[in-house]
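Reviewing the structure listed below.
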Amino acid sequence: ARDLVETGRRQLAALIAAEADELVLTGSGTEAVALGMIGLARAAAAAGAPRRVLVLATEHPAGAGAAAALARDGFAVSWLAVNRWGQIDLDAARASIAGGAALISASAANHEVGTLQPIAELAALAADVGAAVFCDAVAAAGKRPLNPRELGVAGLAISAHKFGGPPGVGALWLDPSHPIEAVVGGGHQERDRRPGTENVLGICAAGAAAAASTDHLERAEAAARALTSRLEEQLPELGCEVIGADVPRVGNTTCFRVPGVLAETVVQALDLAGFAVSAGAACTSGRLEPSPVLLAMGLDEAAATEAVRVSVGPGNQEGDIDALLEALSTLLPRVRRHS
């Protein structure tokens with residue numbers, strides 16, 4: 001069992017060009033984010049850094065939740081603004097970072113819109129004041145190359161289900177120069193950083209998925225981008241607006257809105273037609289509140305409730321996109337009449 005776990009660890013580490021002993025295996029991407037953010041912030045504060053945390057305004061609920069936990073722990077939490085495409089405003093961030101911080105947290109790719117963030121540039125700004133940078137790379141892992149050392153971050157989180165592995169397995173990469181203590185007490189697994197019995201079968205499957213993604217990363221990224229481009233070329237003709245269309249994004253994600261129609265109405269209609277899409281983050285599907293991500297990007301509350309997220313994967317082909325477009329052309333006139 002130990003050999004199987006370590007094989008999976010090596011395969012997961014290879015996906016992000018890391019060493020196996022730098023990886024902490026967790027039960028999910030959310031846990032990896034929480035352990036990374038809370039652990040790094042506490043360690044930095046204990047070493048004398050200001051008890052201040054800067055978090056990108058469009059972070060996944062996992063990052064926002066970890067920030068809330070740090071606030072309860074006495075850290076001052078500030079939110080870094082993004083522009084209308086969802087990218088961090090580095091000029092505005094520079095002024096915030098100049099005040100010093102224990103930790104700065106930003107996702108490599110946005111979980112709703114797919115916008116890619118300039119993590120290396122952010123890390124360079126942080127280095128000037130000695131702040132650690134944490135990167136939630138869950139939405140980017142397996143979809144584009146990742147190398148945490150080249151990015152200059154202290155910690156980076158991934159989740160197996162985002163690149164073909166099973167749900168319930170995540171991993172946290174930590175720079176060896178940024179040691180942390182466990183957030184939860186208990187056993188001595190994962191070098192005392194994450195107690196609890198390892199999910200051996202899940203880790204095996206996650207490692208296999210990581211190995212497959214590593215071998216086919218460039219081809220899979222190009223294939224996904226071709227499919228989303230095919231979709232996004234046609235959406236405006238159906239009266240839909242693609243959100244974040246003008247900036248670099250991860251290749252598998254399209255976010256669009258149907259003006260005047262609630263996203264959940266479109267999601268339910270597509271579900272009946274056999275298509276699985278979501279309104280906002282997949283883990284918050286079913287909630288009708290405006291997306292915090294889209295509000296942070298400057299959309300008003302009405303527009304933020306109209307956004308639909310479509311994700312493509314290795315099992316999708318051009319015919320799937322064409323079928324989705326055909327379904328939209330049929331159902332959109334109907335849902336517009338009833339909105």
If you measure from [atom1] on [X] to [atom2] on [Y], what distance do you get to the nearest 0.5 Å?
X	Y	atom1	atom2	answer
S105	H60	OG	NE2	12.5 Å
L103	F134	CG	CZ	8.0 Å
E318	L231	CD	CG	12.5 Å
R51	D73	CZ	CG	5.5 Å
E190	L23	CD	CG	8.0 Å
W173	I16	CH2	CD1	7.5 Å

For S107 and E59, test the side chains for any donor-to-acceptor distance below 3.5 angstrom and give the result as yes or no. yes
Check whether the side chains of R225 and T228 place a donor and an acceptor atom closer than 3.5 Å, and report yes or no. no
Indicate yes or no: does [X] engage [Y] in a salt bridge with an N to O separation below 4.0 Å.
X	Y	value
E221	K143	no
R9	E6	yes
R94	E121	no
R10	E19	no

Compare all side-chain heavy atoms of L35 with those of R194 and state whether any distance is below 4.5 angstrom. yes
Side chains of L56 and L122 in contact at under 4.5 Å (non-hydrogen atoms):
no
- Do E112 and S291 pass the side chain to side chain donor-acceptor pair (under 3.5 Å) test, and can you show the C-alpha distance, the side-chain angles, and the key distance before you say yes or no? CA-CA 9 Å; E112 290 187 28; S291 160; 2.7 Å; yes
Of all the heavy-atom pairs spanning [X] and [Y], show the shortest one and how long it is.
X	Y	answer
A102	F75	CB-CE2, 4.1 Å
G114	A109	O-CB, 4.2 Å
A279	A263	CB-CB, 3.7 Å

Members sharing L201's hydrophobic cluster, built from side-chain contacts under 4.5 Å between Ile, Leu, Val, Met, Phe, Trp and Tyr, are none
Under 3.5 Å donor-acceptor pairs involving side-chain atoms of residues 146-158, not counting sequence neighbours:
{"unit_1": "N147", "atom_1": "OD1", "unit_2": "R149", "atom_2": "N", "d": "3.1"}
{"unit_1": "N147", "atom_1": "OD1", "unit_2": "E150", "atom_2": "N", "d": "3.2"}
{"unit_1": "R149", "atom_1": "NH1", "unit_2": "E22", "atom_2": "OE1", "d": "3.2"}
{"unit_1": "R149", "atom_1": "NH1", "unit_2": "E22", "atom_2": "OE2", "d": "3.1"}
{"unit_1": "R149", "atom_1": "NH2", "unit_2": "E22", "atom_2": "OE2", "d": "2.4"}

